[in-house]
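Here the structure is laid out as structure tokens; the discussion comes afterwards.
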Number of protein chains: 2
Amino acid sequence: MSPLAVPDGSLAVAVDVVLLALQLTGDTAEPVFLAQRRRNQPFAGMWSLPGVIMRDREDLESAVHRALARSGTALERIRHMEQLGTFGAPQRDPRGRVMSVSYLALLPQPAKAEADTEWLPATPPPAHATTLAFDHAEILSTAVERLRGKLSYSNVAFGLLGESFTLSELQAVYEAVLGRELDKRNFRKKVLARDLVAESDGMRRGAHRPARLYRFRHTELVLLDDIL
Amino acid sequence: MSPLAVPDGSLAVAVDVVLLALQLTGDTAEPVFLAQRRRNQPFAGMWSLPGVIMRDREDLESAVHRALARSGTALERIRHMEQLGTFGAPQRDPRGRVMSVSYLALLPQPAKAEADTEWLPATPPPAHATTLAFDHAEILSTAVERLRGKLSYSNVAFGLLGESFTLSELQAVYEAVLGRELDKRNFRKKVLARDLVAESDGMRRGAHRPARLYRFRHTELVLLDDIL
DNA sequence: CCAAAAGTGTTGACAATACACCCATGC
DNA sequence: GCATGGGTGTATTGTCAACACTTTTGG
């Protein structure tokens, strides 16, 4: 990251991305986000969210794409993206006036991390508060809260799953993000009653009884009338 | 509004505000927003949202306050404010690169409009689409949708009402924003069951039977577990 | 045959809806 | 006394939560 000098009287806009995925470690799933180790001042050595400084004549989405490319993430793996908000505290960047327009991006699995990047746990953020640069801890927790809320009244979980999946896998997504266990029978009833998913071809075969595969009916965000 | 020249290679950030209130015209309530007539190019003569260009070292909230002051709105009348989002299409301002961080602000009544400002209907927006400058029609409809959603799962209606009010007035707020009628008995049951409001002292006396006054239990945004 | 995950129904409590009349006041 | 909005209850229906066992496969 090249040193950034923000001349007084001017104003820079950063675009920062909370890239979220679920890490399936053995028998449990854990929400993780992509962190980049900062090489330069300020906050050298600390973790930060991938971000770029916006260029003139650049779209917000293009800037997000640049940030993702720089973090080593293939664009086509991103299944959902939405704006979180804009953070503009004057002191958030010690170098000068840099506002941050932040985005949430979801992808099915944490791809291999490049040098100086790592997937860190996103959910119990007590530890990060001190270890994330700028106000990125605040942005991260905004992202997790947004995702939690949207699980209840949208199909946003499609962003964290591949093309097809079992209902148990879907439930694991909900449980991991919400941080609590759900009743298997009630969960299946509700998901099916709301027509969130449709049966897909084939079965997931594993060590035990094969499980029916499903896919989301829509792979763009759809809001539900009713709450889940 | 002074002419704005955005030098190439630089980037300006505007803060635009959707100031919403309910206009009580006789027997019906109608959501209205504050519009400013543009005196300068571009879009001279068209209606626009109140907004300012951010200064260096200025907080986002301070910029919103400046925009409100310029529009002739007393700050202390604002009962709720929240960020809507950031609009960054490169061509949204023909003068150059100007992103807009937009805010929603609620107040109990549309105060008298100053010169070159007017309260216009906010809800059936077909007409504005052509008459609002920049992408302000899009920002306005984002604001209305946000408010509609939040009525259902928060106490955000406090922003559109004064200190005390009758349940019929509260219901009128919901009906005006949602654009449909609600059942009086069920509405009262739900509002009271959720402890949104508490009884206040006194009665509203009018042409007919006096009505009990209520006040919101909280005058900052509170999210409800359950949906209204 | 054992371990492990997949799959499946019922019941009771509560919440949401639909619906109509009497009450208190000003004029 | 009448017009106007304020205020109230019930019956029905639908929805949510709690709860345990059988099935299918791999090893």
Side-chain angles (χ1 to χ4, degrees), chain A residues 22 24-29 149 151-154 161-162 164-176 178-215 223-228, chain B residues 22 24-29 151-154 161-162 164-176 178 180-215 223-228:
Chain A
L22 285 191
L24 308 157
T25 55
D27 52 349
T28 53
L151 277 186
S152 309
Y153 63 91
S154 81
L161 285 165
S164 64
F165 48 85
T166 68
L167 290 186
S168 295
E169 288 165 353
L170 179 60
Q171 182 173 348
V173 169
Y174 273 80
E175 291 180 335
L178 296 177
R180 61 193 165 91
E181 301 202 333
L182 302 172
D183 179 85
K184 182 162 54 158
R185 282 165 293 187
N186 293 336
F187 180 80
R188 292 158 108 94
K189 257 182 292 184
K190 279 193 275 195
V191 165
L192 295 172
R194 279 162 184 69
D195 274 338
L196 261 187
V197 299
E199 289 197 354
S200 180
D201 293 330
M203 295 283 197
R204 167 95 67 233
R205 312 192 68 87
H208 304 293
R209 173 173 176 176
R212 151 124 265 128
L213 287 175
Y214 291 82
R215 55 186 168 74
L223 303 182
L224 308 172
D225 321 346
D226 208 350
I227 209 160
L228 191 69
Chain B
L22 285 191
L24 308 157
T25 55
D27 52 347
T28 53
L151 276 187
S152 308
Y153 63 91
S154 81
L161 286 164
S164 64
F165 48 86
T166 69
L167 290 187
S168 295
E169 288 165 353
L170 178 59
Q171 183 172 346
V173 168
Y174 274 79
E175 291 181 334
L178 296 178
R180 62 190 165 95
E181 301 201 333
L182 302 172
D183 180 86
K184 183 161 56 159
R185 282 166 293 190
N186 294 336
F187 180 80
R188 291 158 109 94
K189 256 183 292 185
K190 279 193 277 193
V191 165
L192 295 172
R194 278 163 184 68
D195 274 338
L196 262 186
V197 299
E199 289 196 354
S200 182
D201 293 331
M203 295 282 195
R204 168 93 69 232
R205 312 191 68 86
H208 303 291
R209 171 171 175 178
R212 153 123 263 131
L213 287 174
Y214 291 82
R215 56 187 168 71
L223 303 182
L224 307 172
D225 320 347
D226 207 348
I227 209 161
L228 190 67

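Residue numbering restarts at 1 for every chain, and letters A, B, ... go by the order of the sequence lines. Values below: every heavy atom of this structure, side chains too, minus hydrogens, waters and symmetry copies.
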Between [N] ([atom2]) and [X] ([atom1]): distance, integer Å:
| X | N | atom1 | atom2 | answer |
| --- | --- | --- | --- | --- |
| B:Leu170 | D:dG5 | CG | C1' | 16 Å |
| B:Arg180 | C:dA18 | CZ | P | 10 Å |
| B:Glu175 | D:dG5 | CD | C1' | 13 Å |
| B:Asp183 | D:dG9 | CG | C1' | 12 Å |
| A:Leu182 | D:dC19 | CG | P | 15 Å |
| B:Gln171 | D:dG5 | CD | C1' | 12 Å |
| B:Leu192 | D:dT8 | CG | C1' | 12 Å |
| B:Leu224 | C:dA16 | CG | P | 12 Å |

Just by distance, do the side chain of A:Tyr153 and the backbone of A:Leu223 share a donor-acceptor pair under 3.5 Å?
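No; judged by distance alone, with no hydrogens or angles, the pair does not exist.
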Taking B:Gln171 for the side chain and B:Leu182 for the main chain, is one N or O donor matched with an acceptor at less than 3.5 Å?
yes
Looking at every heavy atom in both [X] and [Y], which two are closest together, and how far apart are they?
| X | Y | answer |
| --- | --- | --- |
| B:Ser200 | B:Ser164 | OG-CB, 4.0 Å |
| A:Ser152 | A:Leu224 | O-CD1, 4.4 Å |
| B:Leu170 | B:Phe187 | CG-CZ, 3.8 Å |

From A:Glu181 atom CD to A:Asp183 atom CG, the distance as rounded to the nearest 0.5 Å
10.5 Å
Gap separating the CG atom of B:Leu213 from the CG atom of B:Asp201, nearest 0.5 angstrom
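Between atom CG of B:Leu213 and atom CG of B:Asp201 there are 9.0 Å.
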Produce the list of close N/O pairs, under 3.5 Å, pairing protein atoms with atoms of nucleotides 4-8 of chain C; give distances to one decimal.
residue	atom	partner	partner atom	Å
C:dA4	O4'	A:His208	ND1	3.4
C:dA4	O4'	A:His208	NE2	3.1
C:dA6	OP1	A:Ser168	OG	3.0
C:dA6	OP2	A:Ser168	OG	3.0
C:dA6	N7	A:Lys184	NZ	3.3
C:dA6	N3	A:Arg209	NH1	3.3
C:dG7	OP1	A:Arg212	N	2.8
C:dG7	OP2	A:Arg188	NH2	2.7
C:dG7	O5'	A:Arg188	NH2	3.3
C:dG7	N7	A:Lys184	NZ	2.7
C:dG7	O6	A:Lys184	NZ	3.3

Under 3.5 Å, which protein N or O atoms sit close to an N or O of nucleotides 10-13 of chain D? Give each pair with its distance.
residue	atom	partner	partner atom	Å
D:dT10	O4	B:Lys189	NZ	2.8

By nearest nucleotide on DNA chain D, pick out whichever of A:Ala207 and B:Ala207 is the more 5' one.
B:Ala207
Quick one, A:Arg204 with A:Glu169, criterion salt bridge (Lys or Arg N to Asp or Glu O under 4.0 Å). Give me CA distance, side-chain angles, the key distance, then yes/no.
CA-CA 11 Å; A:Arg204 167 95 67 233; A:Glu169 288 165 353; 2.9 Å; yes
Check the pair A:Tyr214 / A:Phe165 against ring-ring contact (aromatic ring centres under 6.0 Å, His included), numbers first and verdict last.
CA-CA 5 Å; A:Tyr214 291 82; A:Phe165 48 85; 7.2 Å; no
